[in-house]
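Worksheet: the structure to be examined is printed underneath.
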2 protein chains.
Amino acid sequence: MNDSRPIRAKSGTNHEGTSAHNRRVMIDALRINGALSRADLARATRLTKQTVSNIIEELERDGLVSSQEAVRRGRGQPSTPYGLVPEGAFAIGLQIDRHVTRAVAVDLVGSVLVRDEAGLPPGGPSNGTKVILDLVASVRSKLAGIVQQSEKRLVGLGAAMPGPFGVAGSGDDPWMMETWQKFPLLETLTAGTGLDVGLQNDAAAAATAERMVGAAHGLDHAVCLFVGYGIGAGLILNGELYRGANGNAGEIGMALLFADGKSTPLEHRASLASLYQHLSIDPADPGLYARINDLALRGDQSIHAWVEAAAVDLRWSIHLLETLFDPQTVILCGSAPEALVNRLIAAIGPLLPSIAERRGRTLPRLQPGMADPWSVALGAAAGPISRAFDPRFAAILKDSLQS
Amino acid sequence: MNDSRPIRAKSGTNHEGTSAHNRRVMIDALRINGALSRADLARATRLTKQTVSNIIEELERDGLVSSQEAVRRGRGQPSTPYGLVPEGAFAIGLQIDRHVTRAVAVDLVGSVLVRDEAGLPPGGPSNGTKVILDLVASVRSKLAGIVQQSEKRLVGLGAAMPGPFGVAGSGDDPWMMETWQKFPLLETLTAGTGLDVGLQNDAAAAATAERMVGAAHGLDHAVCLFVGYGIGAGLILNGELYRGANGNAGEIGMALLFADGKSTPLEHRASLASLYQHLSIDPADPGLYARINDLALRGDQSIHAWVEAAAVDLRWSIHLLETLFDPQTVILCGSAPEALVNRLIAAIGPLLPSIAERRGRTLPRLQPGMADPWSVALGAAAGPISRAFDPRFAAILKDSLQS
DNA sequence: CTTATTAAGTCAAGTGTCTTGACTTATTAC
DNA sequence: GTAATAAGTCAAGACACTTGACTTAATAAG
């Protein structure tokens, strides 16, 4: 009876877990509602006034919240609102894309303090690693030049790149990201920066950004359809980013569409890659963004056909995401010029009927999100901040407390 | 500054939440691994031996676990394994389908102790409510006849019916479920039984059943594709059933497929309803199940064409679910005869390429699940048991503790 | 202007649950 | 037979939330 099978169980919790959760709940409440008094916090979180007082005192000592001018709200002692201190924490966000890498430094409330980018040489990680590490170091030192003690308050480095991760020979990827996807990026970045590093795909990063400072702010169920070089969906489910069993959830770009007897991945039909192909543009062109923006603003005919075709696929994608995830809202975002995203949204409507057509909806079914080449890097930075400060089941458990 | 906007915040937690979580973690560990000693539990949950001892003692007093014969495992004092006591808790599961309603009584480990069914008269809730309440009462009294004190250990009533819920005029539903979907079933059942009632769609119930006693046992990320009168997906994400913002997540049957220039919901192409139509069978026929089972077993030609056509759509559905949810496995189940599900699985293979093709997979991408007319009722009953005993984020929070 | 009422926030003691470290018990290895 | 090992208990301790009385500071009412 040599019974050495591993025992699977979820982790238990203890006082520290309780306390960690309550701290996170306070920060979350202040992020969603803006400054609140301790009495407000006590009512909203169902904790006692005393507990809230203790936690707020601690958060204030830690430099995460600060008191504001007292507010008279009728009879009774005026309340003292507390708000998040933007300089309470920082994170570095890193986007690795086909031809370029971008890094930003972001604070606790999601403001971008530093941004910087560099071209990625061809050849994948062997040539790109140094560029990336230099870029991160540069952003980090610029941040240190702007705010004091930034290093002490740096909660981590979030990296974002196109997925999927760890998939057996996707093979037909013509954009050379496969070498990056196979590369031990996490380990390299950890070793090269000494920071706590997280990795997610670009759509997940975009969703994280939308949740922190965008259209998904305060929502617990939102899907971000991200149109970039590829296309993917970032999933906010139950108030947390959903990653799936292997970090590849939401890779809708790999969904196969059947038409005319052949199957094509969505990504080949509705993505900037397909637009570049349609326009016969070199994706490595540095003036790309401005050029597309210009075309979109002018309503150029050359872009029109692509927009119309992509809108058909996107309309269906949105319908499908609504049907499967039942979110409060779908957000269309991208690392594309805003003008292009707006044209897409205009062309997509009206939406297909779906379970999202409910009586008493308050949010629109489809909303524009950030459309900005920096949104992925911002989302990448939002990852560590969310992991460090948002209420999450995992944060309560013992195995997440020490390590 | 009359500032009375509602403040949104997540609930905090306290010692009770900690304790509730740890109890649930113990029960979960025993459910997944079978009987375990306190020392094993302490290692697996990262709690101290002492804490585990206290909790196990309490669970034993509550009749949820019991000690087994001591086991000698080499040097050191023999360990005393503790296992779940099946009679520790019971739940009633109720399935409401088009022409029939089924109820089961289930124990803590998911064994069905009582099962009973009744035909549903046409006319929707106005005629059906009494039938349902009588059925529940009958199952309940039969359970009381089998086990002592069953009423005291009844944790709730789970109901399952085809979704979607609360959707504005789905209109084209030819199966008369719409009147049920609009009916305040939850309130009626609560009032009529005095039990804690939960409601979910049939696919979600099937997934809950698979997680408790089926192919998803111990998995944290699994998708159950449920082929019944309609078709839907039950989602186990992060170890919990995912319901979406409005309880309609996974309603893949409403996904529109485009072919030959027109759009058709998946449900009209791959579901038992479509099979009945294909075979020109009356779905109200009481001998339906046996007849289909017989046809499937014989490999009848009349069923073959439908199987082949449905397999195409199901293959694609599985591909899509893998792509969007990145689960550990997809489970095909149904309220269909097992022989039919097996034929479908055979016809579906080989699967389409997707992100599920990973190096080092241990689980098959597609597995057969329960195919049994009673599986939905079982899953419905599994709902309250899961809510009462599985580790869940919500169970830690203060607002779930008292009410 | 005075007093009652209301609400925010503090104080200090209390309670529940996990943790710690020493100890007991039971078995196998040498 | 003794040492080593592992399960499990005991009792004190630590931690974080709770309780209820109290203080502070404002508005409403007379």
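Excluded from the calculations below are hydrogen atoms, water molecules and symmetry mates; all remaining heavy atoms, backbone and side chain alike, are included. In what follows, every chain begins at residue 1, and chains take the letters A, B, ... in the order their sequences are listed.
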If I take atom CZ in residue Arg73(A) and atom C1' in nucleotide dA25(D), what distance separates them, rounded to the nearest angstrom? 15 Å

Which of the following nucleotides, dC18(C), dC17(D), dA6(D), is nearest to the side chain of Ser19(B)? dC18(C)

Short side-chain N/O contact from Ser53(B) to OP1 or OP2 of dT9(D), under 4.0 Å: yes

Could you tell me whether Asp40(A) and Arg73(A) have a side-chain N and a carboxylate O separated by less than 4.0 Å? yes

Answer yes or no: is there an ion pair linking Asp220(B) with Lys10(A), defined by an N-O contact shorter than 4.0 Å? yes

Charged N to carboxylate O below 4.0 Å: is that the case for Glu58(B) and Arg23(B)? yes

For Asn22(B) and dT17(C), is the shortest distance between a side-chain N/O and OP1 or OP2 below 4.0 Å? no

Polar side-chain contact Gln50(B)-dC10(D) base: donor and acceptor under 3.5 Å: yes

Given dA29(C), dC18(C), dA26(D), identify the nucleotide with an atom nearest to the side chain of Arg75(B). dA29(C)

Which nucleotide wins on minimum distance to the side chain of Gln77(A), given the candidates dA7(C), dA7(D), dG8(D)? dA7(C)

How close or far is atom C1' of dG9(C) from atom CG of Leu41(A), stated in whole angstroms? 13 Å

In whole Å, what is the span from the NZ atom of Lys49(B) to the C1' atom of dT24(C)? 11 Å

Tell me whether the side-chain N/O atoms of Arg23(A) come closer than 4.0 Å to OP1 or OP2 in dA16(D). no

Would the distance check show the side chain of Thr51(B) and the main-chain N or O of Leu47(B) forming a donor-acceptor pair, the cut-off being under 3.5 Å? no

According to a strict under-4.0 Å criterion, is Thr18(A) in side-chain N/O contact with OP1 or OP2 of dA16(D)? no

Please tell me if Ser79(B) has a side-chain N or O lying less than 4.0 Å from either OP1 or OP2 of dA6(D). no

Ile7(A) has an atom CD1; how far is it from atom C1' of dA7(D), in whole Å? 13 Å

Could you check how far CG of Asn14(B) sits from C1' of dG14(C), rounded to whole Å? 15 Å

Can you check the Glu69(A) CD to dA26(D) C1' distance for me, whole Å? 15 Å

By the Watson-Crick or G-U definition, both distances under 3.5 Å, dG30(D) is matched with dC1(C)

Between Arg72(B) and dA7(D), is there a contact of a side-chain N or O with OP1 or OP2 at under 4.0 Å? no

Can you tell me the distance, in whole Å, between the CD atom of Glu16(B) and the P atom of dA16(D)? 18 Å

Heavy-atom nearest nucleotide on DNA chain D taken for Ala39(B) and for Asn54(A); more 5' hit belongs to Ala39(B)

Starting the side chain at C-beta, find the nucleotide from dC18(C), dT15(C), dT5(C) nearest to His15(B). dT15(C)

Kindly point out which of dA25(D), dG9(C), dT27(C) is positioned nearest to the side chain of Pro78(B)? dT27(C)

Greater than 12 external heavy atoms within 6.0 Å of Glu69(A)'s CD: no

Tell me whether Arg140(A) is salt-bridged to Glu151(A), with the criterion being a basic N under 4.0 Å from an acidic carboxylate O. yes

Given atom CD of Glu57(B) and atom P of dG16(C), what is their separation to the nearest angstrom? 16 Å

Quick one: is Lys398(A) getting a side-chain N or O under 4.0 Å of the dT19(C) phosphate, OP1 or OP2? yes

Of dT27(D), dT20(C), dT19(D), the nucleotide closest to the side chain of Thr48(B) is dT20(C)

